[in-house]
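Numbered from 1 within each chain, the chains take letters A, B, ... in sequence-line order. Quantities reported herein were computed from a predicted structural model and do not represent experimental measurements.
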Amino acid sequence: MLRVSQEDIVRLDGVRKHYGETAALDGVSLRIGAGEAVAVMGPSGCGKSTLLNMIAGLDRPTGGTVVVAGEDLGRLDETGLALFRRRHIGMIFQFFNLIDDLPALDNVALPAQLTGVPARQARRRALELLDELGIAGRKDAYPAVLSGGERQRVAVARALMNRPALLLADEPTGALDSRFGEQVMDLLIDLNQIGQTLLIVTHDPQLATRCAGRLVELADGRVARESALERAE
Amino acid sequence: MNSWPNTGPGTGVGTRWGMGMGAVWRAARAAVLRRRLQTVVTGLVVLCGTTTIMLTLGLLDAATTPFDRAFDEQRGAHAVASFDIAKVSKEALAATARRPGVEAAAGPFEQVVVSFPRTTDIPEAEGPLKLVGRADPGGPVDRVHPLHGRWARAPGEIVLNLRDAGRPLRPGMLGSRLLAPGVPPLTVVGLAAGMSQSADAWVTPAQAAALRPSGVQMLYRFDSASTEQDVRAGLDSVTAELPGGALSVAQSHLELRRAFSASADAYLPFMTLFGVLGLLVAVLMVANVVSGAVVSGGRHIGVLKAVGFTPSQVVAVYLTMVSVPAAAGCVTGTLLGNVLAGPVLNTAFQGVESGSAGIGISPWVSVVCLAGMPLVVAAAALVPALRAHRLPAARALSAGGAGSAPLRGRGLGVQRLLGGSRLPRPVSLGLGQPFARPGRTAMTMAAVVLGVVTVTLTTGLTSTMIAFAEAEASPVPQVGVRAGRPVFQQTAPKLDDARIEALLRSLPGATHVTAKVFVDVHLSGHAQRSAVNFQRGDPSALASQVVEGRWPAGPGEVAAPPSFLVQRGLAVGDRITLELDGRRVPALIVGQIMSGDPRFLWSTWATLTALAPGTGADHYEVRLAAGADADAYAAAVRAAGPGLHPSIVRPDTRAAATVVGVASVFTTLLIVVASLGVFNTVLLNTRERRRDLGMLKSIGMTPRQVTIMMVTSMAALGVAGGLIGIPGGMAAHRLIVDNVGVVVFPESMKDIWDAPLLVLPALSGVLIAVLGALVPARSAARLTIAAVLHNE
Ligand SMILES: Nc1ncnc2c1ncn2[C@@H]1O[C@H](COP(=O)(O)OP(=O)(O)OP(=O)(O)O)[C@@H](O)[C@H]1O
Ligand SMILES: [Mg+2]
């Protein structure tokens with residue numbers, strides 16, 4: 001049994017992930033403390049998304065251990081992983097991944113409702129979040145009519161719904177133009193400043209330097225370099 | 001998972017082929033390979049659909065043409081003519097083959113009627129039999145179809161004509177010896193079937209000559225013989241140069257055909273019905289699955305257009321994609337249909353006296369399936385493919401489907417309501433799904449509703465037919481007794497009619513005795529032949545089959561089967577006049593019975609007394625007490641009077657077996673097709689919703705919740721489908737049983753629905769939907785979401 005220090009939210013040891021011949025991850029060890037904001041960068045195909053998926057328990061490593069928020073993911077079954085994500089993980093994707101059939105408010109309320117929170121209560125908290133993110137006015141709109149920036153803010157609200165220990169973002173600004181990208185960046189900075197632990201995968205050095213305190217560079221499935229970042233104000 | 005690996009022209013195909021068929025073929029092939037399950041389902045549905053259609057068409061074909069086909073195969077005789085041997089020479093008869101209008105002739109064959117007492121268990125070898133001397137079953141006319149054994153080669157050998165070739169050979173039939181007074185023993189060496197019914201049995205010419213023949217037979221085929229007039233004209237031409245009165249009797253093939261279809265008629269409506277239903281469901285399901293495959297490719301269409309496929313090439317990709325499994329399914333289905341046709345059609349035509357009418361599937365059915373199914377598939381694929389043709393690439397790409405993402409909320413109220421309800425979220429999400437995609441929902445519903453209608457209808461028809469067959473069969477043991485007739489060289493009974501009736505009543509076991517006689521009468525103003533069965537004593541078992549009015553009780557009252565009334569344009573309550581030997585008796589149609597021969601009427605003894613006083617009964621219907629021993633009763637009758645010929649009426653369960661057999665085959669096939677249709681729809685649904693499913697799992701939906709959500713959405717459709725399908729199936733059942741024509745079902749046989757009978761259809765909707773949903777739902781639950789989320 002791995003002893004995990006109270007402050008480490010994420011602890012990876014020698015994590016490998018193979019897709020047939022390709023080694024997407026080839027022995028990655030990484031620690032992320034509570035309240036930290038970490039950026040992951042690297043060339044396309046170096047394994048960034050794979051790393052994120054391992055941490056979120058969306059996929060299982062070929063080798064090594066993944067411990068997140070005190071849970072050894074290797075010991076959890078599919079249902080256990082789902083419950084783990086529900087409690088501890090919020091995710092944001094490049095392409096938002098909202099449910100087209102549901103209006104913004106219900107998209108946000110969904111994670112709470114899955115845990116059995118009554119609809120009225122879930123919707124109240126969802127509205128608070130949308131309000132905080134400045135898009136309460138769009139609560140009844142369907143994803144298809146929202147702008148990219150609005151969709152990503154709905155996605156952020158949804159990720160925050162269950163007050164996750166860790167917020168994972170996979171190229172959150174990748175599909176947005178610079179104006180909407182800035183909005184999302186500011187949002188992430190604010191969140192981190194109120195104590196939210198962040199792991200951001202990005203190709204955008206500006207996003208990394210503005211939002212993160214530490215940079216992890218991946219190359220060919222390995223950690224090539226780790227460095228502290230000075231946050232640009 | 002990359003969406004479309006190596007499908008574009010960028011892979012180099014484009015250089016050689018331009019953007020031609022090469023690229024289209026590669027894109028289609030990749031699509032087929034990547035959607036293996038869906039490809040398999042499409043193929044299976046087309047396979048089952050083709051098989052169903054094959055059986056259906058085979059059934060319809062066999063139901064309408066078996067007589068003609070077998071008759072033509074055997075070069076059946078348009079006229080079987082018997083000549084008086086004293087009035088015309090064999091040479092003169094042989095010469096008639098060259099008369100104008102005669103296409104072919106066979107004979108002369110000597111013929112003699114020999115009456116065989118009941119010495120064996122073979123009904124075909126009992127009573128007065130027409131024996132014909134023929135050296136050879138073949139020839140230019142009436143090629144008799146050998147079934148078992150061989151043709152007669154030596155005197156003392158006999159070949160029996162089987163009226164129902166489909167029946168299994170009873171052991172001991174071949175080799176049994178037939179004995180008749182004044183005739184040497186004859187050994188059965190063969191069994192054959194001749195559609196012309198030119199003889200009841202055949203012997204060698206030498207044997208026939210030795211039996212002191214009374215006449216000779218000529219078999220003719222005429223150049224034209226499609227109407228009675230044609231046949232009569234042919235016979236006139238034949239007899240023109242023969243001495244007057246040489247032709248004693250002639251039997252037309254048209255009469256045989258009528259007799260044949262009379263026995264088949266009761267079944268044909270049912271067979272036709274199953275056929276049409278099968279056709280409909282199969283075509284709809286194939287259309288559903290194929291168009292579903294095309295509709296679900298929305299996003300792919302965007303990609304293809306983005307890389308430079310022209311709209312027509314996109315259509316071509318989609319058509320190619322479905323035609324691969326469809327072609328495979330069509331060919332396999334045709335083969336399977338050919339294999340299944342034999343047993344299924346034999347079951348279907350069990351009850352029909354088919355002679356040797358080989359009930360098989362004709363080649364045109366295979367041809368139609370092989371040519372028609374691809375057309376159905378192409379048509380089904382073309383509509384959505386043409387929609388894809390028009391779809392702008394950007395819309396397809398951005399919406400992630402064929403423009404299916406709602407811009408404004410579809411079913412907004414419902415979704416909001418469900419989202420705010422107390423139901424667990426996976427359940428309410430599942431319930432909301434059908435409203436989000438009305439088009440897809442309509443397609444799934446169509447599949448489920450058709451499935452439920454099918455199950456309901458077949459359940460209902462089966463019950464009705466079982467009730468019908470049960471009503472036809474006596475619930476108590478029954479014995480028929482015929483009085484021997486000297487004309488058939490049978491000993492006449494010593495007792496008179498009234499004493500026989502009294503005797504039959506007095507023997508132990510008898511509860512009801514009805515004395516009857518058939519008398520040919522003329523119905524004033526109607527050309528068709530009619531015969532009335534006059535009855536005395538207890539009402540016949542038929543009395544329980546009255547569906548309208550009542551059973552005749554007084555003088556001048558008659559009852560008729562529906563076919564009799566329909567053919568003559570009569571109805572219950574109409575007055576008719578019976579004519580016999582110059583006497584006319586007015587009669588009133590007081591009742592209609594369920595079904596029966598179109599020639600027959602039933603009436604009372606009082607009517608007979610008015611029409612033909614002094615006529616006695618010649619057969620008796622005896623119903624015994626339940627559980628009584630019919631064999632013992634028959635033995636007692638035989639012992640009591642030498643001229644009485646009892647025969648035990650065995651309940652004929654073949655009608656019920658036939659319907660149940662055919663219904664089960666079609667129900668099974670149709671349910672398989674319907675379930676596959678639903679399965680396919682859920683599969684497409686799941687595929688379309690993969691990204692949503694991945695996302696739901698990423699925010700913590702457990703595999704169980706995913707399964708619940710998917711199954712709920714389909715179960716909701718199943719319940720809705722059941723609610724629509726059951727009344728639909730009941731209405732269809734009612735429509736059919738009300739309009740069969742030759743059978744009028746009593747209300748009790750039409751109103752067969754009760755709770756247990758409705759359980760199956762009620763469950764079937766949900767069952768079809770849930771079974772169809774479970775597999776894809778479980779695979780959705782296991783979906784590795786990491787890949788889906790990133791790429792789709
Ligand atoms: N489901 C999968 N099946 C097979 N190979 C995969 C799968 N997912 C990822 N890979 C491979 O693993 C490697 C790492 O992929 P990953 O998506 O983690 O890269 P990435 O760093 O996120 O790239 P990008 O910056 O383009 O998003 C790649 O070579 C990719 O092709
Ligand atoms: Mg990535």
Minimum heavy-atom distance between A:E78 and B:P703, given as atom pair plus value
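That would be CB-CG, 3.6 Å.
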Correct closest heavy-atom pair for B:M701 and A:A82 would be O-CB, 3.5 Å
Portion of [X] that has a non-hydrogen atom of chain B nearer than 4.5 angstrom:
X      : value
A:L98  : backbone
A:R120 : neither
A:R60  : neither
A:P111 : both
A:I89  : neither

Does CZ in A:R222 sit with more than 12 non-hydrogen atoms of other residues, nucleotides or ligands closer than 6.0 Å?
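It does not: A:R222 CZ has 12 such atoms or fewer within range.
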Step through the shown structure and confirm whether more than 12 heavy atoms of other residues, nucleotides or ligands are within 6.0 Å of CG on A:D190.
yes
Do side-chain atoms of B:R425 reach the backbone of A:L110 as a donor and acceptor pair under 3.5 angstrom?
no
Below 4.5 Å, heavy atoms only, C-beta onward: do B:M695 and A:M91 meet side chain to side chain?
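A side-chain contact under 4.5 Å is absent here.
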Taking the side chain as every heavy atom from C-beta outward, state whether B:R704 and A:T79 have any pair of such atoms under 4.5 Å apart.
no
Answer with side chain, backbone, both or neither: which region of B:L429 has an atom nearer than 4.5 Å to a non-hydrogen atom of chain A?
side chain
Quick check for you: to the nearest 0.5 Å, what is the distance between B:Q705 atom CD and A:L83 atom CG?
8.0 Å
Within this structure, what is the CG-OG distance for the pair A:D170 and B:S698, rounded to the nearest 0.5 Å?
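So the CG of A:D170 and the OG of B:S698 are separated by 11.5 Å.
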When heavy-atom pairs shorter than 4.5 Å are enumerated against chain B, which of A:A141, A:A159, A:A119, A:G116 gives the highest number?
A:A119
